[in-house]
Amino acid sequence: MEKLTPQNPETQSADIITGNIAQLKALFPELITESADGTTVNIDILKQLIGDKTVTDVEEKYGLNWHGKRRARQLALTPSTGTLRPCPEDSVDWDTTQNLMIEGDNLEVLKLLQKSYAGKVKLIYIDPPYNTGKDFVYPDNFQDNIKNYLELTGQIEGGQKISSNTEASGRFHTDWLNMIYPRLTLARNLLRSDGVIAVHIDENEYPNLEKLLNEILGEENNLGTVVWDKRNPKGEVVGVGQQHELISIYCKNKDAFAANANLSRKKENAEAMLNKAASLIKTAGTVNDEVKAFYKKWLKERKNELSGGELAYSEIDENGDVYRPVSMAAPDKPETRSHRPLIHPTTGKNCPVPAKGWRYPDKTMDDLLSRGKILFGVDETTQPTQKYLLRENIRENFPSLLYFGGSGDALDIPFENPKPLKVGALVVDAASSEADIVLDFFAGSGTTGHAVMAQNAVDGGKRRYILVQLPEPLDPENKDQKVAADYCDSLHKPRNIAELTKERLRRAAAKIEAENSSWHGDTGFRVFKLDSTNIRAWEPDRDNLATSLFDATEHLKSDRTEQDILFELLLKLGLDLTVPMETKVIAGKTVYSIGAGVLMVCLADTIASADVEVLSTGIVAWHAELAPVGDTQLVFRDSAFSDDAAKANCTAILQQHGLINVRSL
Ligand SMILES: C[S@@+](CC[C@H](N)C(=O)[O-])C[C@H]1O[C@@H](n2cnc3c(N)ncnc32)[C@H](O)[C@@H]1O
């Protein structure tokens, strides 16, 4: 029985200050910083988070500061004036797929996804521009970022052209930090509490990225940095020929993360080791000393190929199981550890107890003993160890060093420097499983989408991907972009990078299906495109106010479809963009049921007084059939009702039947 001492937290009253700091930090990690007196709250950030406009640029706090940081934070807090328009004609398996491919500037897209996907994403895996001096860094616009986006991507006339961020610009790091900071801030909100973010980077911005991630996610949530040895040093450099890139990995909340999983990978050679042991035993017909010696020799011959963790599995037991002995000595806190001796099974005498006690409590030690998981020496003089079976420990911690020298597997898509599929699949496997959502908002050629499908085919998972890629124009007159531009021409598609992403996803799906004929996972994707909102803004033509007033009676833009408006509603109401949707024609009008009746929408252009009763009672009957759990929202087009009486009558009939959340657009 554990004795409670004055040091136990249970015997102390609550430390309210520590609790308050922890709560604030969990909500807004960037609020807590260091000052000369210790931990402090950054009042400027707090003011900004609650919309106080009196904040200045003066920030004399510990942390990474640069010119424009406050404005960049403000940018993340400003709501988007855009929407995501569905594009079924570009999609694959529109009706059934759960994957999303979104074309747009990721800052706006991340804002638009906030309601529907906050706290839902398990893994964010990104490969942003490294700021090498050759890649472009998206120039956000504080006034009208949607217009800026449409101009930059050539969808409307005007604006500056996309150009690379050069060291000569005088704002080299500043521009990159201003770009990445608001995006990472918004991305954090989308992560589940046990979620992980993995960011590819190289030596140019790694120091800044780490500081930024410490601020946005909290230093304590740093899971470590992976050094990816690409086996090929960069040529023609002054100084060290960098041969590696880095992957910074953080989680949203280390406690929540550790409670559910770890960052692990399959031991690369475990299967070969198990197969070797099994074949030696099969040939010998038994497990004898010769088999054990042969197995050890086989391992020794492969000591350069196998990892240290694999080589440790050097023993075979009487059942033919490959195992390794592991010390059970406690690493710390001797006073709380069990010191109960283990009794040797043949001599009946006490075996030595580690100086700091056992790492497990008595109950676990008894359990290990009863399951034959404790190894004793020939007599009581050796300290017993724990028996780890290889087949039960196929996975190991993700290592800090990753060796992979191959190129990307973009399936002949002309995209410069795609990340290798193998590296992507390793990260996806390490940090996600089952039906988790994986998000990549710098999708490039779509390696993350490919890796998600490939990993699902390997382990039967149902992970879903959300990719975001800018339709970055490809200019056939630019020698670096000509091949990709011509490729788009050959596909009869617009010349931009998002077309490359979609083509890679189609090709990857076909390849995975061909190679895994018995696997029938999701290889489709729904395409959405960023655009200005479907809701008309009040922008009167001063010379023609009468027409402007008349036009304003219709709030929805005339060039938008019912589907456009429907999906904007999903985003505004926080519903998943792949939520099941059904339609029914009632009184000649199309009515949508979204999420089995959670939302019911009729966007017909006209609803005459004579139609109101049939339409409303029809909706009531369908709602009763669907029997959704919880409240239902009903939405109509405001301008559709022939007059106020028709609108009031419709509302009254619905409310009489308990449908009280009735709105119009
Ligand atoms: C380094 S590449 C990613 C490569 C990708 N990991 C692959 O394996 O193909 C970065 C990508 O982010 C895109 N990008 C840059 N700024 C963006 C923005 N503001 N919104 C969306 N995509 C952006 C670029 O067009 C580029 O394709």
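Quick note: numbers below take in every heavy atom, side chains included, and nothing from hydrogens, waters or symmetry partners. Order of listing sets the numbers, starting from 1, for every ligand and every atom in it.
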Completion exercise
The residue among N99, N456, D436 that forms side chain to side chain donor-acceptor pair (under 3.5 Å) with R463 is N456
Problem - Sub-3.5 Å N/O-N/O distance, S445 and ligand 1 - result: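 Min N/O separation from ligand 1 is below 3.5 Å for S445.
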Problem - Close N or O approach (P128, ligand 1; < 3.5 Å) - result: no
Practice task
Please lay out, stage by stage, how Y181 and W66 fare under the test ring-ring contact (aromatic ring centres under 6.0 Å, His included).
Solution key: CA-CA 11 Å; Y181 182 50; W66 68 92; 5.3 Å; yes
Heavy-atom nearest neighbour in the protein, as seen from [atom], with distance rounded to 0.1 Å:
atom: atom 18 (C) of ligand 1; value: N106 OD1, 3.3 Å
atom: atom 22 (N) of ligand 1; value: L470 N, 3.2 Å
atom: atom 25 (O) of ligand 1; value: E472 OE1, 2.5 Å

Practice task
Mind checking the OG-CG spacing from S193 to N260? Nearest 0.5 Å is all I need.
Solution key: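 Going from OG on S193 over to CG on N260, the span is 7.5 Å.
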Practice task
Can you measure from CD (E108) to CG (L470) and round to the nearest 0.5 angstrom?
Solution key: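 Going from CD on E108 over to CG on L470, the span is 11.5 Å.
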Problem - Ring geometry between F528 and F567 (parallel below 30°, tilted from 30 to 60°, perpendicular above 60°) - result: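 F567 vs F528 ring planes: perpendicular.
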Using a strict cut-off of 4.0 Å, indicate which atoms of ligand 1 neighbour a heavy atom of [X].
X: A443; answer: 5 (C), 7 (C), 9 (O)
X: K419; answer: 6 (N), 7 (C), 8 (O)
X: D127; answer: 1 (C), 2 (S), 3 (C), 4 (C), 5 (C), 6 (N), 10 (C)
X: P418; answer: 7 (C), 8 (O), 9 (O)
X: T447; answer: 7 (C), 8 (O), 9 (O)

Exercise for the section: Determine, considering heavy atoms only, which of Y125, F442, Y138 sits nearest to atom 14 (N) of ligand 1. Expected result: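 Among Y125, F442, Y138, the closest heavy atom to atom 14 (N) of ligand 1 comes from F442.
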Handout entry: Heavy-atom proximity to atom 11 (C) of ligand 1, best of E416, E108, Q469, H450
Key = Q469
Practice task
Give the intermediate values and the outcome of ring-ring contact (aromatic ring centres under 6.0 Å, His included) for residues Y125 and H200.
Solution key: CA-CA 8 Å; Y125 179 40; H200 276 268; 5.3 Å; yes
Mind checking whether [X] has a heavy atom under 4.0 Å from ligand 1?
X: G424; answer: no
X: R183; answer: yes
X: G104; answer: yes

Practice task
With the side chain counted from C-beta on, respond yes when K234 and H244 share a heavy-atom pair under 4.5 Å apart, and no when they do not.
Solution key: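 A side-chain contact under 4.5 Å is absent here.
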Exercise for the section: Answer yes or no: are there more than 12 heavy-atom neighbours, outside Q242 itself, under 6.0 Å from its atom CD? Expected result: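 Count over threshold, so yes.
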Practice task
Check the surroundings of atom CD in E416: do more than 12 heavy atoms from other residues, nucleotides or ligands lie under 6.0 Å from it?
Solution key: no
Practice task
Would you list the pairs meeting side-chain hydrogen bond (donor to acceptor under 3.5 Å, both in side chains) in which at least one residue belongs to residues 472-484, sequence neighbours left out?
Solution key: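 Applying side-chain hydrogen bond (donor to acceptor under 3.5 Å, both in side chains) to every pair that reaches into residues 472-484, excluding sequence neighbours, yields K482-D486.
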Practice task
For ligand 1, note which part of F415 has a heavy atom under 4.0 Å away: side chain, backbone, both or neither.
Solution key: side chain
